[in-house]
*Asks:* 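Dropping a structure here in C-alpha cells format, bear with me for questions.
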Amino acid sequence: MEHAETGSGTRTGGGDGGIRWLADWDGWYVGLTFARGIGPEELAVRLGAVPGVRPGPLAAGDAWTMVTETTDGDGVARVGSWGGWSFAVEHGVPAGAERLTEVSRSGAEAVHLDPQPDRPPKQFAYARDGELVCCFGLGEEGWRGGHRPDFLLPELVAAGILAPDGSYAEPESEEDDAARDRRTLAVLERRFGLSLPRHLIEDTPLPAFVTCT
C-alpha cells in the first residue's frame with residue numbers, strides 16, 4: 001500500500017510544512033500522533049485499529065462523517081508518512097492520548113498533540129521505548145509531567161518560554177495565546193523535526209482505520 005510521503009518535510013511556516021502553523025489554524029479539531037521507528041499501518045494497529053474495518057482512503061470531511069455514523073469504534077485515524085515520521089490524523093476520540101506508550105514500545109518514539117477544543121489548553125506528550133518521557137499543556141509549560149519532565153527544559157529556556165529553574169520567563173512583550181502556542185510548537189518542530197502540511201490533514205485522502213481507545 002502506498003502512503004502519503006509527498007516530500008522531505010523540511011519546510012517550515014505557513015501551511016506548507018512544520019507544525020507551528022497549527023497555532024493559527026481555526027480548524028484544529030483533530031488529534032495528531034507522530035511515530036518514528038514504525039510504519040503508518042503499524043501505527044494504526046498500536047492506536048487500536050479495529051481488525052477488518054477498513055473504510056478506504058478518506059479525506060477529512062469523509063472521516064468526520066464516518067465518526068458520526070460508525071458503531072465499531074471511538075474514532076477514525078487517517079495515516080501516512082512525512083519527513084521521517086509516520087503520522088495519524090485522529091478524528092473523534094484521539095486514541096494517541098491514551099495509547100502513546102503503546103505506540104512507542106520496542107524502541108519507537110511517539111509525539112501526540114491534542115487541540116483540546118473543549119478543555120484548553122492544547123496538550124503535548126512525548127514517549128519513547130514504552131515510557132512517557134514528558135508532557136505539558138501549551139501555555140502551561142511550567143507544569144510538566146512524565147518520567148523526565150525537564151527533557152525539553154533547555155529548548156524551552158532557549159526559546160524564552162521558561163527560566164533555567166523551570167519557572168515562567170518574563171515575556172519581552174505582550175503576546176496572545178496563539179503567539180505563545182506558536183513559540184512552543186516551534187520548539188517541538190525543531191527538537192523532533194516535525195512537519196505536516198495542512199493539505200495532508202484537510203484535503204488528502206489517506207488510508208483510514210476505525211480505532212477504539
Side-chain angles (χ1 to χ4, degrees), residues 1-9 11-35 38-50 52-100 103 110-125 138 178 181-182 185 188-189 194-213:
M1 175 182 291
E2 293 185 359
H3 300 291
E5 178 64 71
T6 54
S8 66
R11 296 168 293 174
T12 60
D16 294 326
I19 60 169
R20 70 189 74 179
W21 63 270
L22 290 166
D24 302 295
W25 184 30
D26 292 338
W28 188 10
Y29 297 107
V30 293
L32 299 172
T33 299
F34 300 83
I38 59 174
E41 287 196 18
E42 177 62 19
L43 172 57
V45 170
R46 296 188 186 192
L47 287 172
V50 178
V53 183
R54 297 286 300 273
L58 299 177
D62 294 328
W64 281 119
T65 298
M66 184 158 193
V67 167
T68 63
E69 294 178 351
T70 185
T71 59
D72 295 309
D74 302 306
V76 173
R78 299 162 54 236
V79 301
S81 60
W82 183 268
W85 290 82
S86 296
F87 67 84
V89 182
E90 299 182 76
H91 305 260
V93 179
E98 301 294 332
R99 293 178 173 264
L100 202 64
V103 171
V111 172
H112 183 68
L113 296 172
D114 190 338
Q116 295 273 19
D118 298 322
R119 292 186 300 167
K122 303 173 179 69
Q123 297 292 318
F124 153 79
L138 274 64
D181 289 353
R182 196 179 307 116
L185 288 169
L188 305 179
E189 178 183 298
L194 296 175
S195 181
L196 191 57
R198 181 169 169 173
H199 72 83
L200 282 183
I201 299 177
E202 287 195 308
D203 305 323
T204 304
L206 298 171
F209 299 79
V210 174
T211 58
C212 283
T213 55

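Predicted, not measured: the structure shown is a model, and the values here were computed from it.
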*Asks:* How many angstroms lie between atom OH of Y29 and atom CH2 of W64, to the nearest 0.5 angstrom?
*Replies:* 9.5 Å
*Asks:* Check whether any side-chain N or O of R78 sits under 3.5 Å from a backbone N or O of L200 as a donor-acceptor pair, and report yes or no.
*Replies:*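 Such a contact is found between R78 side chain and L200 backbone.
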*Asks:* Show the nearest heavy-atom pair for residues A23 and L185, with the distance to one decimal.
*Replies:* N-CD1, 3.7 Å
*Asks:* Of the non-hydrogen atoms in A208 and P55, which two are nearest, and what is the gap between them?
*Replies:*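 Minimum heavy-atom contact is O-CD, 3.3 Å.
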*Asks:* Is there a side-chain contact between P207 and E41 in this structure, where contact means two heavy atoms from C-beta onward sitting under 4.5 Å apart?
*Replies:* no
*Asks:* Show, in sequence, the C-alpha distance, side-chain angles and deciding distance for R198 and W21, and conclude whether the side chain to side chain contact (heavy atoms under 4.5 Å, CB included) test is met.
*Replies:* CA-CA 9 Å; R198 181 169 169 173; W21 63 270; 3.4 Å; yes
*Asks:* Indicate yes or no: does D114 engage K122 in a salt bridge with an N to O separation below 4.0 Å.
*Replies:*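 No.
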*Asks:* Would you say the side chain of D24 lies within less than 4.5 Å of the side chain of R182, judging by non-hydrogen atoms?
*Replies:* yes
*Asks:* Which pair of heavy atoms, one from V79 and one from A88, lies closest together, and at what distance?
*Replies:*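 Looks like CG1-CB, 4.0 Å.
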*Asks:* Can a donor-acceptor pair be found between the side chains of E90 and T33 at a distance below 3.5 Å?
*Replies:* yes
*Asks:* Using side-chain heavy atoms (C-beta onward) and a distance below 4.5 Å, is S86 in contact with F34?
*Replies:*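 SC-SC contact between S86 and F34 ruled out.
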*Asks:* Got F209 and V76 here, is their nearest side-chain heavy-atom distance under 4.5 Å?
*Replies:*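 They are not in contact (no side-chain heavy atoms under 4.5 Å apart), so the answer is no.
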*Asks:* Looking at S195 and G83, would you say the former's side chain and the latter's main chain have a donor-acceptor pair under 3.5 Å?
*Replies:* no
*Asks:* Taking E189 for its side chain and L194 for its backbone only, find out whether a donor-acceptor pair lies under 3.5 Å.
*Replies:* no
*Asks:* Could you pull out the closest heavy-atom pair between V103 and R46, with the gap in Å?
*Replies:* O-NH1, 2.9 Å
*Asks:* Can you name the nearest heavy-atom pair linking D74 to C212, along with the distance?
*Replies:* OD2-CA, 3.5 Å
*Asks:* With rounding to the nearest 0.5 angstrom, report the CG to CH2 distance, L196 to W82.
*Replies:* 8.5 Å
*Asks:* Rounded at 0.5 Å granularity, tell me how far CZ in R99 sits from CG in L43.
*Replies:*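 Atom-to-atom, R99:CZ and L43:CG are 11.5 Å apart.
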*Asks:* Should L113 and L22 count as side-chain neighbours, where that means a heavy-atom distance under 4.5 Å?
*Replies:* yes
*Asks:* Return the CG to CD distance between L138 and Q116, rounded to the nearest 0.5 Å.
*Replies:*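 Taking CG in L138 and CD in Q116, the distance rounds to 11.0 Å.
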*Asks:* Can you check side chain to side chain contact (heavy atoms under 4.5 Å, CB included) on F124 and V111, steps first, answer last?
*Replies:* CA-CA 7 Å; F124 153 79; V111 172; 3.9 Å; yes
*Asks:* Spell out, as yes or no, whether a donor-acceptor pair under 3.5 Å connects the side chain of Q123 to the backbone of P121.
*Replies:*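 Side chain of Q123 to backbone of P121, a donor-acceptor pair under 3.5 Å: yes, one is there.
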*Asks:* Measure the shortest side-chain to side-chain distance between D181 and R20 over non-hydrogen atoms and say whether it is less than 4.5 angstrom.
*Replies:* no
*Asks:* To the nearest 0.5 Å, how far apart are CG in L47 and NE2 in H112?
*Replies:* 9.0 Å
*Asks:* For residues P205 and L58, determine if any side-chain heavy atom of one lies less than 4.5 Å from a side-chain heavy atom of the other.
*Replies:* no
*Asks:* So I201 and W28, do their side chains get closer than 4.5 Å, heavy atoms only?
*Replies:* no
*Asks:* In sequence, state the C-alpha distance, the side-chain angles, and the governing distance for L32 and V89, and then conclude on side chain to side chain contact (heavy atoms under 4.5 Å, CB included).
*Replies:* CA-CA 5 Å; L32 299 172; V89 182; 4.1 Å; yes
